[in-house]
Chemist: 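This is the structure I want to talk about, given as structure tokens.
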Amino acid sequence: MEFNDIHIGMKYGSKKGSGTVTWIDSSTRTVYIADNDNNSSFEVNFEELVEDPQVHNKQDIYY
């Protein structure tokens, strides 16, 4: 995955949580994600993103 492939509205996950991309800062390679459950935003460095078609919330587990 390349940084330029990320677009607003895409779903991504990270260790901080998962959600929808709301803003991208290309100067610092930071992606801002809105949590789907409580609509709060958090920032994630590009290297921390996990592109996974099965995006889960923090409390979910993989099966």
Chemist: Taking only residues two or more places apart in sequence or in another chain, which ones pass side-chain contact (heavy atoms from CB on, under 4.5 Å) with Ser26?
Modeler: Phe3
Chemist: Kindly give the heavy-atom pair with the smallest separation between Val31 and Ile6, and that separation in Å.
Modeler: CG2-CD1, 4.0 Å
Chemist: Given 3.5 Å as the limit, does a donor-acceptor pair link the side chain of Lys15 with the main chain of Glu48, or not?
Modeler: no
Chemist: Please report the interatomic distance CD1(Ile33) to OG1(Thr20), rounded to the nearest 0.5 Å.
Modeler: 8.5 Å
Chemist: Is any side-chain heavy atom of Tyr12 closer than 4.5 Å to one of Val44?
Modeler: no
Chemist: Of all residues at least two apart in sequence or in a different chain, which pass the side-chain contact (heavy atoms from CB on, under 4.5 Å) check with Asp25?
Modeler: Trp23, Ser27, Thr28, Thr30, Tyr32
Chemist: Report the distance from atom OG of Ser18 to atom CZ of Phe42, rounding to the nearest 0.5 Å.
Modeler: 6.5 Å
Chemist: Got a second to check how far Lys16's NZ is from Asp35's CG, nearest 0.5 Å?
Modeler: 13.0 Å
Chemist: Which heavy-atom pair separates Ser14 from Val50 by the least distance, and what is that distance?
Modeler: CA-CG2, 4.4 Å
